[in-house]
Amino acid sequence: MNAEVAPSVLPPELAEMPFDNRFLEALPGDDEAENYRRQVANACWSAVAPTPVAEPKVVAVSPEAAALLDLPDRVCESEAFAAIFAGNQLAPGMEPYATCYGGHQFGNWAGQLGDGRAINLGEIVNRKGERWALQLKGAGPTPYSRTADGLAVLRSSLREFLCSEAMFHLGVPTTRALSLILTGEEVVRDILYDGHPAPEPGSVVCRLAPSFTRFGHFEMLAARRETELLRRFADFTIDTDFQELESPSEGPDRYLGWFAEVVSRTAHMVAEWMRVGFVHGVMNTDNMSILGLTIDYGPYGWLEDYDPGWTPNTTDAATRRYRYGQQPAIAQWNLVQLANAIYPLVGDAKPLEEALAIYAKEYTARWQEVLASKLGLVALDPAGDAALVKEMFALLQAVETDMTIFYRRLADVDLATCEPTPLEDAWYVPTQATPALRERLQGWLSLYASRARQDAVSLAERRARMNSVNPKYVLRNYIAQLAIDKAETGDFTLVRELLDVLRHPYNDQPEREEYAKKRPDWARNRPGCSMLSCSS
């Protein structure tokens, strides 16, 4: 059953959304109109309508994301909004489709993947001239769904909705989330892949991004040796999504300059992940945005106790390929795969290798800036401050230490006495802090205090600088799970409160201190609070 065009009684803000759908106009589509699973060659997209649902109900809307579409609050509270962004109706100008791409998953080529449970509604240009693509996740099957049903459950949708907006307010490059809508239907999922499937509430998230183009789009075209279409797709991407680049109209330099920009944006994005302790969990090439945006919030997690070897993904438990400390290297590996894909457009490996070398330089430089800001220093000397940094990370692992709280409370340490008391709040097992360890910590604080005094920055300025980059509030896994538990009973108050809390992650919010606390013991090993599966 296909979605139908919405009636003319829509609020004007919905009825007159300025769609131009440039992607469909510029790139070839699938000749087959029927929606069944198949391989799609010589095309970038397939027309497919969302599957209508029984009873759409708005759980939450991001006001900042709605503003990007020029949608006021009263419209976002309407039944028409719920119908459109659950997939029951199409507003005028919407031309739904799913895109074709491939990718490397856990280091292995997976062939055709595509938008298996994502349906693009089209692209609009808002009043500011910004382009935004609208995409429903969980709105039914597409030709790229393989053996899956194309649906999503409240559990994963809630996590994606909240995390997308939390990352934006943290200052991390990310796709956005407009709305979270219940479908009124149940979806069966085996959450732990242990042979115990169970029904869960179904839901749909509407995601926004200037573009949802992934590394895998180019990989798929290259793998099929559709070189002219690869060139056409690359030209479209440069002209549409990288208009600020001064690119030649044709030739290898056009694609090299663009690739260098993708390399730079990716380095910046990953450095921001590392700054806030975010672990993506599924850094497959099909989950890498060409714009350097965080995309596809599946089994992600926040590093709570500092452990560079931690991954939130149960599927990755054996090899830990996508662990926190490995993310910078994996991003570089993924960029190599993109370079391989666009090689036919360049014809020479050397300039691509030179562009790839930008990654290590830019990531290292950005990471040094990140560490300096987290420590409240003007700048770090990679050589002179190496011992300071090395000992800090060693201490973070010597006692099970909450990373977010450690950096936040470091700003409260009195550098005159170097008394470590403020940092004790970050310890999960205080008994691990032996007298020898405390003495070692105080020694590090003395070294840190001496280094901080070299910058001649006032205590107030140092503290303000640190608190502007070290968040107090992040979407801890156990807090997201508490919101899921309540939402599954029909109580959405915590979802909405968290959305508001996470809009101001660097501010002290005295009435919301409970959301800044470290993970409780009951959540240490509970599913959803420690590791998660790729189950939707």
Side-chain angles (χ1 to χ4, degrees), residues 3 6 10-11 13-15 17 19 50-91 93-94 96 115 117-124 126 132-140 150-169 174-185 187 201-210 212 295-297 475 480 483-484 487-488 490-500 502-503 536:
L10 288 176
E13 293 88 351
L14 292 175
M17 286 192 288
F19 285 93
T51 301
V53 300
E55 191 177 353
K57 178 180 179 181
V58 175
V59 173
V61 175
S62 163
E64 290 85 0
L68 298 174
L69 305 181
D70 303 317
L71 296 178
D73 290 347
R74 59 176 175 76
V75 170
C76 298
E77 295 166 358
S78 67
E79 290 185 4
F81 180 92
I84 288 173
F85 293 105
N88 274 21
Q89 294 180 325
L90 299 178
M94 287 183 174
D115 289 328
R117 57 175 171 150
I119 296 176
N120 302 274
L121 296 176
E123 306 152 71
I124 71 167
N126 67 14
W132 291 99
L134 284 66
Q135 185 179 89
L136 300 184
K137 185 172 181 179
L151 304 176
V153 296
L154 178 60
R155 164 172 49 86
S156 64
S157 300
L158 186 157
R159 286 170 50 81
E160 173 143 13
F161 173 77
L162 286 178
C163 195
S164 299
E165 293 305 283
M167 292 282 271
F168 168 74
H169 291 292
T174 182
T175 54
R176 305 295 301 277
L178 170 67
S179 57
L180 172 62
I181 298 180
L182 278 177
T183 63
E185 301 175 351
V187 176
S203 62
V204 176
V205 170
C206 180
R207 310 195 290 190
L208 308 178
F212 286 99
I295 192 171
D296 287 342
Y297 291 94
L475 186 60
I484 291 167
E488 289 181 341
D491 182 349
F492 309 124
T493 55
L494 186 51
V495 177
R496 294 161 185 163
E497 182 170 9
L498 286 176
L499 180 62
D500 193 52
L502 296 168
R503 293 169 70 197
S536 74

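Within the 3.5 Å criterion, the main-chain N or O of A209 finds no donor-acceptor partner in the side chain of T175. Judged by distance alone, with hydrogens and angles left aside, the side-chain atoms of E185 form a donor-acceptor pair with the main-chain N or O of A54 at under 3.5 Å. Looking at R155, its side chain never comes within 3.5 Å of a backbone N or O of P201 through a donor-acceptor pair. The backbone N or O of V153 sits less than 3.5 Å from a side-chain atom of S203, completing a donor-acceptor pair. In this structure a side-chain-to-backbone donor-acceptor pair under 3.5 Å is missing from N120 to Q135.
Minimum interatomic distance between F85 and L14 (heavy atoms only, all atoms of both residues): CE1-CD2, 4.1 Å. For P56 against A82, the heavy-atom pair with the smallest separation is CB-O, 3.7 Å. In terms of heavy-atom proximity, V495 sits nearest to A487 at CG2-CB, 4.3 Å. Residue P11 comes nearest to S78 through the heavy atom pair CG-OG, 4.5 Å, listed as atom of the first residue, atom of the second, then distance. Residues V187 and A152 share a closest heavy-atom pair of CG2-O, 4.0 Å. Minimum heavy-atom separation, R117 to S156: NH1-OG, 4.3 Å.
The closest side-chain heavy-atom distance from D70 to I124 is not below 4.5 Å. L134 places a side-chain heavy atom less than 4.5 Å from the side chain of L208. Annotation: side chain of D500 is in contact with side chain of R503 (closest heavy-atom distance under 4.5 Å). Annotation: side chain of F81 is in contact with side chain of S179 (closest heavy-atom distance under 4.5 Å). In this structure, the side chains of L178 and V61 come closer than 4.5 Å at one or more pairs of heavy atoms. Within the 4.5 Å cutoff, no side-chain heavy atoms of S164 are placed close to those of R207. For the pair P96/P50, a side-chain contact is recorded, criterion being any heavy-atom separation below 4.5 Å from C-beta on.
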E64/L499 under side chain to side chain contact (heavy atoms under 4.5 Å, CB included): CA gap, chis, key distance, verdict
CA-CA 11 Å; E64 290 85 0; L499 180 62; over 6 Å; no
Run the side chain to side chain contact (heavy atoms under 4.5 Å, CB included) check on I484 and L154 step by step: do they pass?
CA-CA 8 Å; I484 291 167; L154 178 60; 5.9 Å; no
Let's go through L498 and L494 carefully: what are the C-alpha distance in whole Å and the side-chain angles of both, what is the deciding distance for side chain to side chain contact (heavy atoms under 4.5 Å, CB included) to 0.1 Å, and is it a yes or a no?
CA-CA 6 Å; L498 286 176; L494 186 51; 3.9 Å; yes
L158 vs F492, test: side chain to side chain contact (heavy atoms under 4.5 Å, CB included). Steps then yes/no.
CA-CA 10 Å; L158 186 157; F492 309 124; over 6 Å; no
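The CG atom of L121 lies 4.5 Å from the CE atom of M94; values are rounded to the nearest 0.5 Å. Atom CZ of F212 and atom CG of D296 lie 9.0 Å apart (nearest 0.5 Å). For the atom pair SG of C206 and CD1 of I84, the computed distance is 10.5 Å after rounding to the nearest 0.5 Å. In this structure, the separation between CG on D115 and CG on L136 is 11.5 Å, given to the nearest 0.5 Å. Atom CG of residue L475 and atom CZ of residue F161 lie 11.5 Å apart, to the nearest 0.5 angstrom. Residue E160 holds its CD atom at 11.0 Å from CD of E165, rounded to the nearest 0.5 Å.
Residue E55 places its CD atom among 12 or fewer non-hydrogen atoms of other residues, nucleotides or ligands, all under 6.0 Å distant.
T174 and Y297 form a side-chain donor-acceptor contact under 3.5 Å, judged by distance and modelled atom types alone.
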